[in-house]
There are 4 protein chains.
Amino acid sequence: MARPAGTKGSDTAERVRRAALSLFARHGYAAVSMRQIAAEVGVQPGALYNHFPTKQDLLKDLLVNHMRALIAAWQAQAVAGEAPDAALERFTRFHIRYHLERTEEVFISYMELRNLEPENFDAVERLRRAYEDVLTAILEAGAAAGLFEVRQPRVTTRALIAMLTGVGTWYRPGGPLSKAEIEDIYLTLVTRSVTAGPTPPGGTD
Amino acid sequence: MARPAGTKGSDTAERVRRAALSLFARHGYAAVSMRQIAAEVGVQPGALYNHFPTKQDLLKDLLVNHMRALIAAWQAQAVAGEAPDAALERFTRFHIRYHLERTEEVFISYMELRNLEPENFDAVERLRRAYEDVLTAILEAGAAAGLFEVRQPRVTTRALIAMLTGVGTWYRPGGPLSKAEIEDIYLTLVTRSVTAGPTPPGGTD
Amino acid sequence: MARPAGTKGSDTAERVRRAALSLFARHGYAAVSMRQIAAEVGVQPGALYNHFPTKQDLLKDLLVNHMRALIAAWQAQAVAGEAPDAALERFTRFHIRYHLERTEEVFISYMELRNLEPENFDAVERLRRAYEDVLTAILEAGAAAGLFEVRQPRVTTRALIAMLTGVGTWYRPGGPLSKAEIEDIYLTLVTRSVTAGPTPPGGTD
Amino acid sequence: MARPAGTKGSDTAERVRRAALSLFARHGYAAVSMRQIAAEVGVQPGALYNHFPTKQDLLKDLLVNHMRALIAAWQAQAVAGEAPDAALERFTRFHIRYHLERTEEVFISYMELRNLEPENFDAVERLRRAYEDVLTAILEAGAAAGLFEVRQPRVTTRALIAMLTGVGTWYRPGGPLSKAEIEDIYLTLVTRSVTAGPTPPGGTD
DNA sequence: TATGAATGAGGATTCATTCAT
DNA sequence: CATGAATGAATCCTCATTCAT
């Protein structure tokens, strides 16, 4: 597992990525200048262009790599052939844990989509869709197995992911709840919401 | 003489508000220039400053007024003394309906918070908190009445509001689902998630 | 001596003059905006244009009126046929006293000349020249009478007026010296400087 | 290899200084725009900011450097231990000569003080005070030696410096008087004014 | 790779002035 | 006379980007 020879070199690109990530998360892509990023890295603005051809490429790099890493992390956790209810728990816990550990990446992934040029936007959307497919598949498998009751798997997927991802907007380390407690609370919400239960009072159709 | 009092001619401020709302929603506060807003209104940039002293004040005006209008709209719908389950349905349907009708206000209210200067941020946060209190109170009343099972009303409030508000990020008029169907689907998710049901596999550990 | 009928009305013009005088003196003509002047007067910017057609006219009004008032004040003090040495003292004391009482007018009269458009500049310069003529005449009369020794009356006039006027740049009421003491000190400097005395070491070479 | 150390190519900063000096002297700091300066230098406005962080810094640079150069120039001329009357002549001639050669720097040094922000103003005032100290020391030494009669050395210093510096406000090369003649005239005025002579008629009363 | 200086465009805001009311 | 809203131009300064060194 030794680092491949030749990877020794300048880690400037990585330091640029980290500075940009942090600044974009705090102030937003449009509000952050290349000068600010350069200052954070400790380099002159021109030097950034040795590593990323444009500011837009820097944003795309961050968003695409985040989605790729997210998907790869899930794949490392997923257990093939697992029962849908166990898979839903695994996914829920994974999603919360991962999103609480990468709040900056998560934040800009949801906030800066509109600042991507169309081509880059599409690339990220394809990856996002691939990630959503994971949950949709679990929901559909659970419904097929009679474990879950899900009317619109795609809609439900988005509703649940919005709910789970939302945790990052208010969670702060050191708050009254541990990450484990948060996981449990959200898991309960998720599980119940896809399990046949009391029909809501007004329920139309 | 039928002119309503206070409507003294120039509605430029209102047109500025609308142009800014639409542009901020599409491109983000930081990415929109006062020039662009002025052009949309059909006025010279300097004229904007007769109505809003700074760009920041324009943003604050939009966010504060949105939150005030949201709260006022709920108060016009709320039924005092209603049973918690009926109130939950009323709130859920109201929230979705309102948020599907004001997608731009909703969007910037969640996206541009970080672009508010601290004082303005606090003002908006107080209003947001007041709105969340509505749902928290319903959940607590329902739990007290034995209708709901809610472990952390504050956390659950945020989780549900994130889920419900998220609808605006993907809903597009003319899509396969009507607003009424969407209301029903989300209502089911919400209701189940706060109703005692099957314990999730992993339990509370 | 009753005020002529019809002069009762709005003193806005006078309040504008005073606000402009004070602001120009403190910050300079170019650095003061019509808005600032209007704010000081307690009026909207547009209202200024009912009294002065342009900002430039306001400056010209202040400078021209200052020079006219200065000359008129001297004429009220001057004693026809007075001996040159007594006249020099009278002039010196008058100049210092007047300039210590109108520091703002004096200041802008020397500072803002270059901000006058050519026509207005010429008008002020003619008045300034008329005032300088007073001292020049005294010096020339004194030289003719053998009381003074003055090589270049015009140059000397300017040197002495620069010296005397300079008092306003450092005098502050409440300082260690009274106005009377200052008058005396400067009078001594002036008198000696035009009186035949010890030849300076380096002579005329 | 003959390039003097430190002369690494771009002398833009110096050209900016010179353009700003000339423009400030002619029109006043507040009335000159960075665009005008840039145009005079032959560069885009933004380029100025590679050399001076703000317009204010440019002004401060000019005033501080002028005062430093003035003091250094005097120090290069001063003769330690010289008799006070000779020193007064040396100082007077030096001051006039220097001020006639640097009319622009002198002019803005007296005109633009009020446009300095407090911190910068204080820095310049300290230097000005240091320069005044030179003349004050000469006057005091001369008074102690019985050569001069000076009532208030500090006040007299300011009066004489105002007189001497004022020469720049009317002197134009090519006029009827040579610089040497002007030096002589002013030297006579200065010398007499600090030398015991005829008491002015009105005395001290 | 990195620097420092430059460009050309555009940022928010302010300006003197005008004018209908 | 005064207001309030508007104009059109200008303000200082910052931007992403380029490029010779």
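Quick caveat, the model's predicted, so the values are computed rather than measured. Here is how names work: the chains are called A, B, and so on, in the same order as the sequence lines, proteins then strands, and each is numbered from 1.
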(Q) Checking the side chain of C:Glu112 only, and the main-chain atoms of C:Ser109 only, is there a donor and an acceptor separated by less than 3.5 Å? (A) no

Q) Taking CD1 from D:Ile37 and C1' from F:dT11, how many angstroms apart are they, rounded to a whole number? A) 13 Å

Q. Out of F:dT17, E:dA6, E:dA2, which has the shortest distance to the side chain of A:Asn50?
A. E:dA2

Q.
In this structure, how many angstroms lie between the P atom of F:dC12 and the CG atom of D:Asn115, rounded?
A. 12 Å

Q: Using whole Å, report how far CZ of C:Phe52 lies from P of F:dA2.
A: 12 Å

Q: Report the nucleotide, chosen from F:dC13, F:dA5, E:dT1, that has the shortest atom-to-atom distance to any side-chain atom of D:Tyr49.
A: F:dC13

**Q.** Pair C:Met111-D:Met111, side chain to side chain contact (heavy atoms under 4.5 Å, CB included): steps then yes or no
**A.** CA-CA 7 Å; C:Met111 296 292 267; D:Met111 296 292 267; 3.0 Å; yes

Q. Atom OH of B:Tyr29 and atom C1' of E:dG11: how far apart are they, to the nearest Å?
A. 12 Å

Q. Roughly, in whole Å, what's the span from CG in A:Asp11 to P in E:dT1?
A. 10 Å

**Q.** Separation of E:dT14 P from C:His27 NE2 (nearest whole Å)
**A.** 16 Å

Q: Among C:Arg26, C:Glu105, C:His66, C:Arg102, find the residue that satisfies the side-chain contact (heavy atoms from CB on, under 4.5 Å) test when tested with C:Leu21.
A: C:Glu105

Q: Indicate whether OP1 or OP2 belonging to E:dC15 is found under 4.0 Å from a side-chain N or O atom of C:Ser33.
A: yes

Q: Just name whichever nucleotide pairs with E:dT13, Watson-Crick or G-U, keeping both distances under 3.5 Å, else none.
A: F:dA10

Q: May I ask you to verify if any side-chain N or O of D:Arg35 is less than 4.0 angstrom from the OP1 or OP2 atom of F:dT11?
A: yes

(Q) I want to confirm an ordering. Mapping A:Gln44 and C:Ala47 to their closest nucleotides on DNA chain E, which one lands closer to the 5' end? (A) A:Gln44

Q.
Just the rounded figure in Å: distance from P of E:dT3 to CG of A:Leu48.
A. 10 Å

Q) Whole-Å distance between E:dT13 P and B:Leu58 CG? A) 10 Å

Q) Of B:Thr54 and C:Met34, whose closest DNA chain E nucleotide lies nearer the 5' terminus? A) B:Thr54

**Q.** E:dA6 OP1/OP2 closer than 4.0 Å to side-chain N/O of D:His51
**A.** yes

Q. Can a side chain N or O of A:Thr12 be found less than 4.0 Å away from OP1 or OP2 on E:dT1?
A. no

Q) Do any N or O atoms from the side chain of C:Lys55 and from the backbone of C:Tyr29 form a donor-acceptor pair under 3.5 angstrom? A) yes

Q. For DNA chain F, whose closest nucleotide is more 5', that of B:Gly46 or that of D:Val32?
A. B:Gly46

Q.
Let's see if you can work this out: which of F:dC13, F:dA2, E:dA6 has an atom nearest to the side-chain heavy atoms of D:Lys55?
A. F:dC13

Q) Is the backbone of A:Asn115 close enough, under 3.5 Å, to the side chain of A:Gln56 for a donor and an acceptor to pair up by distance? A) yes

Q: Could you please name the partner base of E:dG4, counting Watson-Crick and G-U wobble pairs only when both distances are under 3.5 Å?
A: F:dC19

